[in-house]
Amino acid sequence: MSTENEGTAVPAAPSAPPVPVAAPGPASDPTGTNATGTHPADPAPEPAPYAPAQPAHTPTTQGGAQGRTDEAQPGYMPVAQPHAAPQDSGAGWPPPPPSHPYGGGGHGGSGGPAWGAPVPPGPRRKRSGGLVAAVLAAALVAGGVGGGIGYWAAERNDNSVDSTTVSASGTTKDFKRDAGTVAAVAAKALPSVVTIEAQGGDGEGGTGTGFVYDEQGHIVTNNHVVASAADGGDLSVTFSNGKKYDAEVVGRAEGYDVAVLKLKSAPAGLAPLPLGDSEKVTVGDSTIAIGAPFGLSNTVTTGIISAKNRPVASGDGQNSKASYMSALQTDASINPGNSGGPLLDASGAVIGINSAIQSAGTGGFGQSQAGSIGLGFAIPVNQAKTVAKQLIKTGKPVYPVIGATVSMDPKSDGGAVIADRGTGGTEAVPSDSPAGRAGLKAGDVITKLDDRVIDSGPTLISEIWTHTPGDKVTLTYEREGKTSTAEVTLGQREGDDS
C-alpha cells in the first residue's frame with residue numbers, strides 16, 4: 001500500500017492482503033423558531049402608554065461543509081499543514097523507483113438562490129385590513145401576557161431557596177487525573193515532545209514533530225521532516241513550554257524514514273520518553289498521538305491500533321527513493337505536521353513513530369492537502385530504536401538484505417518476482433549473495449517470508465527491514481509451478497547511496 005507523508009502524495013495499494021501505501025467541515029445548524037400563543041381565558045392587559053413596534057425577524061440558516069483530504073505528509077503523510085503546497089494522492093502506487101538491489105550495490109453548489117440573496121416576493125393577494133389589524137392586536141396581547149408570566153416566574157425563582165443550580169466543589173486545577181487516563185499520559189509526555197521547524201537554503205521547509213530520545217539531547221523524528229534542511233539548512237525545535245533550541249542532523253535513513261537530531265545546547269533535566277515493545281502491541285489497544293498537525297503544536301488525539309504489520313510504501317516527493325515499513329495502523333487523528341511524533345500506548349510508552357497517512361484524494365475549494373480519514377501509519381518503535389542507535393553511533397543506516405533484485409511492479413500477482421537482471425545489467429542474484437547461496441534464481445516468485453504473506457516487492461522489503469543483518473529467515477518461493485523453501489541469512493548494506 002502506498003500512502004503519503006508530511007503532505008506529499010504517494011500511491012495507493014495493490015491487492016490483498018491490503019498493502020497500505022501513505023474531515024468534514026462544520027455542518028450548519030438551522031436556527032430555532034419561536035412560537036407564541038394566545039390565551040383567550042386571560043383578560044387582556046391594559047395597553048401600555050407606549051409600545052414601540054418590534055421589527056419582524058425571520059430566522060435564517062447559513063452554513064456549509066467542506067471536505068478536506070491529504071508525510072509525509074513520510075508518514076506522515078503527506079503526513080502538512082500550514083504548508084499549503086498542493087498534494088496529489090494518486091490512485092495507484094507511486095511510479096516505482098528503479099529495481100532495488102538488496103545487498104548490492106469549491107463547495108458543490110445547489111440550484112437555489114445564492115446565500116444572502118433576497119427571497120423573491122410571491123404573488124399578491126387582497127387581504128382585509130381589518131383582519132390584519134386583528135391578528136396584530138392578538139399577537140401584541142399574547143406577547144404581553146407571555147412576557148408578564150415569564151417575569152413573574154423569574155422573580156419567584158430568584159427569591160426561592162430550592163434553586164436547581166449546583167456549584168462544583170473545588171476547581172479544575174484541584175481535580176486529580178488518575179494514572180493511565182489520556183489526560184495523565186498527555187500531561188507527562190507533552191514536555192518531551194517537540195515541534196520541529198526545518199528551513200532549507202532554497203527556501204523549502206516545513207513543520208514536523210519529534211520526541212526526546214535520551215538525556216544527551218538526541219531527538220528522534222522522520223527523515224522527511226528534516227530532509228529539506230539536512231544539507232546547510234536551519235533546524236530548530238520548540239518544547240511545549242515555548243523554549244526553542246537550535247539543532248543539527250546526526251544521521252538520516254531514507255529507506256526507514258527515520259532521522260536523529262541533536263540539540264546544540266541541550267538543557268539539563270531532559271526527560272526521554274519511555275520506549276515500549278511494538279511486538280507486544282495487539283489490535284484494539286488504545287493509542288495516543290502527539291504532534292503539530294498543520295502547525296498546531298502540542299495537539300493530542302486518541303484512537304486504537306487498527307492493524308499490525310501493514311506493508312506501507314511512502315515518499316516525500318523530493319526524489320525517487322521510497323520508504324518502506326511494516327507499519328502499525330491507527331485511527332488516531334494524524335495529519336501533516338504529526339510526522340515524526342510519538343504514538344503512545346495507554347501507559348505512555350512510545351510504540352511507534354507517526355509517519356504516513358492514507359489520503360482520500362484532493363478536495364475542492366482550492367484545498368489539496370490531505371487530512372486524517374482515520375488511516376494513519378507508524379513505524380514500529382522496535383525498528384525505529386535499532387535505526388536510531390545505528391545513526392547515533394555511525395551517522396549511517398544499515399539495511400538487512402537478501403542480495404537479490406526484485407521487481408517493484410505492483411501488478412505482479414502472487415508475490416515478489418526476482419528480476420531478470422540487476423541494476424546496470426548486473427546479475428539479479430549474484431552467486432555470492434545470501435539469496436544466491438540459498439539457491440534462489442531470477443524469475444523465482446517469493447510468496448512468504450517466515451509466516452508473513454508477500455504479495456509484492458515493496459511488501460518484501462518492508463518485512464526484510466523489520467530484521468537485522470545476520471538474522472535467518474525462511475523464504476517460500478515458486479519456480480515453474482513448484483513451491484519450495486530456502487533458509488537465508490540476511491546480509492547488509494550500509495548507507496542510502498549504495
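The chain is numbered in sequence order, starting from 1. Since the model is a prediction, treat every value here as computed from it, not as a measurement.
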To the nearest 0.5 angstrom, please state how far the CZ atom of Arg452 sits from the CG atom of Asp455. 13.5 Å
Could you state the interatomic distance from CD1 (Ile290) to CZ (Phe211), rounded to the nearest 0.5 Å? 11.0 Å
Using a 3.5 Å distance criterion without hydrogens, assess whether the side chain of Ser323 forms a donor-acceptor pair with backbone atoms of Glu254. yes
Starting at OG of Ser326, measure out to NZ of Lys308 and round the result to the nearest 0.5 Å. 9.0 Å
Taking only distance into account, with no hydrogens and no angle test, what donor-acceptor pairs under 3.5 Å do side-chain atoms of residues 235-247 form with protein atoms, sequence neighbours excluded?
residue	atom	partner	partner atom	Å
Ser240	OG	Leu190	O	3.4
Asn241	OD1	Lys243	N	3.0

CD/Glu215: more than 12 non-hydrogen atoms of other groups inside 6.0 Å: no
Could you tell me which non-hydrogen atom of Asp257 sits nearest to which non-hydrogen atom of Asn223, and how far apart they are? OD1-N, 3.1 Å
To check you understand the geometry: which heavy-atom pair defines the closest contact between Ala198 and Ser228, and what is its length? CB-OG, 4.0 Å
Distance (rounded to the nearest 0.5 Å) between Met408 CE and Thr405 OG1: 11.0 Å
So Val350 and Leu343, side-chain contact (heavy atoms from CB on, under 4.5 Å) or not? Walk me through it. CA-CA 6 Å; Val350 180; Leu343 184 68; over 6 Å; no
Of all heavy-atom pairs between Ala384 and Ile353, which one has the smallest distance, and what is that distance? CB-CD1, 3.5 Å
Does either side chain, that of Thr386 or that of Gln390, offer a donor lying less than 3.5 Å from an acceptor on the other one? no
Closest approach of Leu440 to Tyr477 (non-hydrogen atoms, all atoms of both residues): CD2-CD2, 3.4 Å
May I ask you to test the Arg252-Leu391 pair for a side-chain heavy-atom distance under 4.5 Å? no
Can you name the nearest heavy-atom pair linking Ser433 to Gly403, along with the distance? OG-O, 3.2 Å
Check side-chain contact (heavy atoms from CB on, under 4.5 Å) between Asp234 and all other residues, then give those that pass, not counting sequence neighbours. Gln199
Beyond-backbone contact of Leu475 with Leu449, side-chain heavy atoms, under 4.5 angstrom: yes
Answer yes or no: is there a donor N or O on one side and an acceptor on the other, between the side chain of Glu494 and the main chain of Lys396, under 3.5 Å? no
First locate atom NZ of Lys448, then atom OG1 of Thr485, and finally report the distance between them rounded to the nearest 0.5 Å. 10.5 Å
Tyr213/Lys262 under side-chain contact (heavy atoms from CB on, under 4.5 Å): CA gap, chis, key distance, verdict: CA-CA 10 Å; Tyr213 179 75; Lys262 187 155 190 267; over 6 Å; no
Please tell me if the side chains of Pro458 and Tyr324 come closer than 4.5 Å, counting only heavy atoms from C-beta onward. yes
Run Val212 and Ile219 through side-chain contact (heavy atoms from CB on, under 4.5 Å) and show every step you take. CA-CA 5 Å; Val212 177; Ile219 305 294; 4.0 Å; yes
With sequence neighbours excluded, residues passing side chain to side chain donor-acceptor pair (under 3.5 Å) with Asp285: none
Measure across Thr221 and Ser339 and return the closest heavy-atom pair with its distance rounded to 0.1 Å. OG1-O, 4.2 Å
side-chain contact (heavy atoms from CB on, under 4.5 Å) partners for Thr181, two or more places apart: Arg177, Asp178, Ala183, Ala184
Run the side-chain donor-acceptor check on residues 265-280: report pairs under 3.5 Å with partners two or more places apart or on a different chain.
residue	atom	partner	partner atom	Å
Asp277	OD1	Glu279	N	3.0
Asp277	OD1	Asn382	ND2	2.9
Ser278	OG	Asn382	N	3.2
Ser278	OG	Asn382	OD1	3.2

4.5 Å side-chain heavy-atom contact, Asn222 and Ile379: yes
Decide yes or no for Val225 and Thr209: does some side-chain heavy atom of the first lie under 4.5 Å from some side-chain heavy atom of the second? no
CD1 of Ile334 to CG of Asn354, rounded to nearest 0.5 Å, is 3.5 Å
Identify all side-chain donor-acceptor contacts of residues 296-307 below 3.5 Å with residues at least two apart in sequence or on another chain.
residue	atom	partner	partner atom	Å
Ser297	OG	Thr195	OG1	2.9
Thr299	OG1	Leu296	O	2.6
Thr301	OG1	Ser333	O	2.9
Ser306	OG	Asp331	N	3.4

How are the rings of Tyr399 and Tyr256 set to each other: parallel, tilted or perpendicular (split at 30° and 60°)? parallel
Check whether any side-chain heavy atom of Thr207 lies under 4.5 Å from a side-chain heavy atom of Ile196, and answer yes or no. no
Measuring only between side-chain heavy atoms, which start at C-beta, is Asp450 closer than 4.5 Å to His467? yes
